2 protein chains.
Amino acid sequence: MPHISDVIDNSSQDTKKHNSTRELLTRARSLAGKTFAQFAELLGTALPRNNVSSKGWFGQQAEVYLGATAKSRAEPDFVELGIELKTLPLTSHHQPKESTYVCTVPGEIMGQQWQTCWLRRKLAHVLWLPYEADNKIDWAQRRIGTAILWQPSKAQHDALKQDWEELMANLSLGEMAQISSHQGQFLQIRPKAANSRELTNMVGSDGNSTPNLPCGFYLRPDFTRLILQQHYN
Amino acid sequence: MPHISDVIDNSSQDTKKHNSTRELLTRARSLAGKTFAQFAELLGTALPRNNVSSKGWFGQQAEVYLGATAKSRAEPDFVELGIELKTLPLTSHHQPKESTYVCTVPGEIMGQQWQTCWLRRKLAHVLWLPYEADNKIDWAQRRIGTAILWQPSKAQHDALKQDWEELMANLSLGEMAQISSHQGQFLQIRPKAANSRELTNMVGSDGNSTPNLPCGFYLRPDFTRLILQQHYN
DNA sequence: AGGGATCCATGATTGGATCCCA
DNA sequence: TGGGATCCAATCATGGATCCCT
């Protein structure tokens, strides 16, 4: 049984966390309407000259601006808040343009559980940062949208859980090579590598290790579209 | 049963290997008597300005000069010959100045066997390249010695095997933290890291993973002293 | 003088994602 | 238009070892 002071401390922590979360959202929303060029100026950095060679630029600079602490580490972007930052490219019709990368598919399949898996933790609390990604708009002139702080609804959670468990079951059945991007209603598994010759080792349920393309979990556009609708309607 | 042509091919391979090994030794010995400054000039590179910040310089440049193929990979330096290159720093009395790093201690202890372990493969065939390492000699003026091509004698092999099996047995008993550099007659285990705060995961015989300092196997000077004596007497 | 601590280079891995063709 | 392929930055891990204090 916790001592009363622990309860008081926790409660105080929760209040701080709540306030910090609101500050984070406020700061993120202060970017709404700004172009990439204006954003770069805010940061005092130069815009990369083209988008092909700077795919992750906006996401990484947004982390810097919002004070994310985890640089390429296996932690939430905002550790103390448990919040993950994800940029969300939009078409000219303000629909998701792409699937959204979530995290890498674990190389060790055995013993993975939904309750504790990395994907679930990543998607437990997300700060979405939409932006214009229509190729007809000059890159420097693309505008940042209004940030959305989101947690999965019961239905969304359950749908993700079902997809995840189906995909993981298929993986453990052995042939990673047979896993298709077509599986999964909202979640899919796709290659995630520098190139198609890259290989890592997958350890299957039989304990054997086989070389495979590194893969990642991606959210299909249908899923992120729901999030946008949920917020704007 | 092999076809007769396979036998002929192998024999041809062996001859090539023999010749290449002699060429390697000859090329290595052509460095005998040269100073670091002269060696750097041979390579067309600059000498690093001090030795503290360039600990691996000679070893790495020697690999380049001798055509080693494995750059930081888990292979022998000269893959086709199965030969490992090791530089050997000497005192003013031409005795080994330091213990000699061999390889990292595997993070997975279970199932390790002497017959197939990396340490045994590394030490199966070594091209030793001695050089003056007395701090009283200006770094640029240190001279390279006569290369020695070495394979362990039966007695040396057995002694290494005994040390290795003793050390590995201790590791698998659990407490990596309790392993001491004092153990082992010719072989020891010591830290091998950027700094003492670095940690990696060790998987013990119980299958549990515990964080530990990354460690390496080192040959004690007594061992390399034997190799020098064996050759020069 | 032995052993705990440390230094550099480079390849591999991971986290940020979007590209782009059939 | 979906999914196979790819791009950059930064960290991590490994291979090359020697430093340097007690």
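The basis for the numbers below is simple: all heavy atoms, side chains too, and nothing from hydrogens, waters or symmetry mates. A quick note: this is a predicted structure, and the numbers were derived from the prediction, not measured. First the proteins, then the strands, lettered A, B, ... as listed; each starts at 1.
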Given atom [atom1] of [X] and atom [atom2] of [N], what is their separation to the nearest angstrom?
{"X": "A/Glu63", "N": "D/dA10", "atom1": "CD", "atom2": "P", "value": "11 Å"}
{"X": "A/Gln95", "N": "D/dG2", "atom1": "CD", "atom2": "P", "value": "12 Å"}
{"X": "B/Leu127", "N": "D/dG16", "atom1": "CG", "atom2": "C1'", "value": "15 Å"}
{"X": "B/Gln61", "N": "C/dC8", "atom1": "CD", "atom2": "P", "value": "15 Å"}
{"X": "A/Phe217", "N": "C/dG16", "atom1": "CZ", "atom2": "P", "value": "15 Å"}
{"X": "B/Tyr218", "N": "C/dT6", "atom1": "OH", "atom2": "P", "value": "13 Å"}
{"X": "A/Leu85", "N": "C/dA17", "atom1": "CG", "atom2": "P", "value": "6 Å"}
{"X": "A/Gln183", "N": "D/dG2", "atom1": "CD", "atom2": "P", "value": "17 Å"}

Do A/Arg190 and A/Ser99 have a side chain donor and acceptor closer than 3.5 Å?
->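 Yes, a side-chain donor-acceptor pair sits under 3.5 Å.
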Presence of donor-acceptor pair under 3.5 Å, side chain of B/Lys192 and base of D/dG16 |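 Answer yes: a donor N or O sits under 3.5 Å from an acceptor.
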5' priority, DNA chain C, between B/Arg220 and A/Lys86 [closest heavy atom] |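 Result: B/Arg220.
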In a check of side chain to side chain contact (heavy atoms under 4.5 Å, CB included) between A/Phe217 and each of A/Thr100, A/Ile189, A/Leu160, A/Thr104, which one passes?
->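 It is A/Ile189, the one option of A/Thr100, A/Ile189, A/Leu160, A/Thr104 that forms the side chain to side chain contact (heavy atoms under 4.5 Å, CB included) with A/Phe217.
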At what distance, to the nearest 0.5 angstrom, does CZ of A/Arg120 lie from SG of A/Cys103?
->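 A/Arg120 CZ to A/Cys103 SG: 13.0 Å, rounded to 0.5 Å.
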Of all the choices, D/dG15, C/dA17, C/dA5, which nucleotide is nearest to the side chain of A/Tyr101 once you look at every atom?
->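 Nearest to the side chain of A/Tyr101 among the choices is C/dA17.
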N/O contacts under 3.5 Å, protein versus nucleotides 19-22 of chain D?
residue : atom : partner : partner atom : Å
D/dC19  : OP1  : B/Asn51 : ND2          : 2.9
D/dC19  : OP2  : B/Lys97 : NZ           : 3.0
D/dC19  : N4   : B/Glu98 : OE1          : 3.1

With a 4.0 Å limit, can you tell me whether [X] has a side-chain N or O closer than that to the phosphate oxygens OP1/OP2 of [N]?
{"X": "B/Thr87", "N": "D/dA17", "value": "yes"}
{"X": "B/Gln60", "N": "D/dA17", "value": "no"}
{"X": "A/Thr100", "N": "C/dA17", "value": "no"}
{"X": "A/Thr104", "N": "C/dT13", "value": "no"}

Considering all heavy atoms, the nearest [X]-[Y] contact:
{"X": "A/Leu85", "Y": "A/Leu127", "value": "CD1-O, 3.4 Å"}
{"X": "B/Thr87", "Y": "B/Gly59", "value": "CG2-CA, 3.6 Å"}
{"X": "B/Arg29", "Y": "B/His231", "value": "NH2-CE1, 3.5 Å"}

If you pin A/His182 and B/Leu88 to their nearest nucleotides in DNA chain D, which one's is more 5'?
->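 The answer here is A/His182.
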Hey, what's the ring geometry for A/Phe223 with A/Trp150, parallel, tilted or perpendicular (30° and 60° as the breaks)?
->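 Taking A/Trp150 first and then A/Phe223, their aromatic rings stand perpendicular (interplane angle over 60°).
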Listed partners of A/Arg225 passing salt bridge (charged side-chain N to carboxylate O under 4.0 Å, His left out), at least two apart =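 Salt bridge (charged side-chain N to carboxylate O under 4.0 Å, His left out) list for A/Arg225, sorted by chain: A/Asp222.
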Quick one: label A/Gly56 by what it contacts on the DNA or RNA (base, sugar-phosphate, nothing), any heavy atom closer than 4.0 Å.
->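 Since a base atom lies under 4.0 Å of A/Gly56, the category is base.
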If you look at every strand shown and take non-hydrogen atoms under 4.0 Å, does A/Pro89 touch a base, only sugar-phosphate, or nothing?
->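 Contact class for A/Pro89: sugar-phosphate only.
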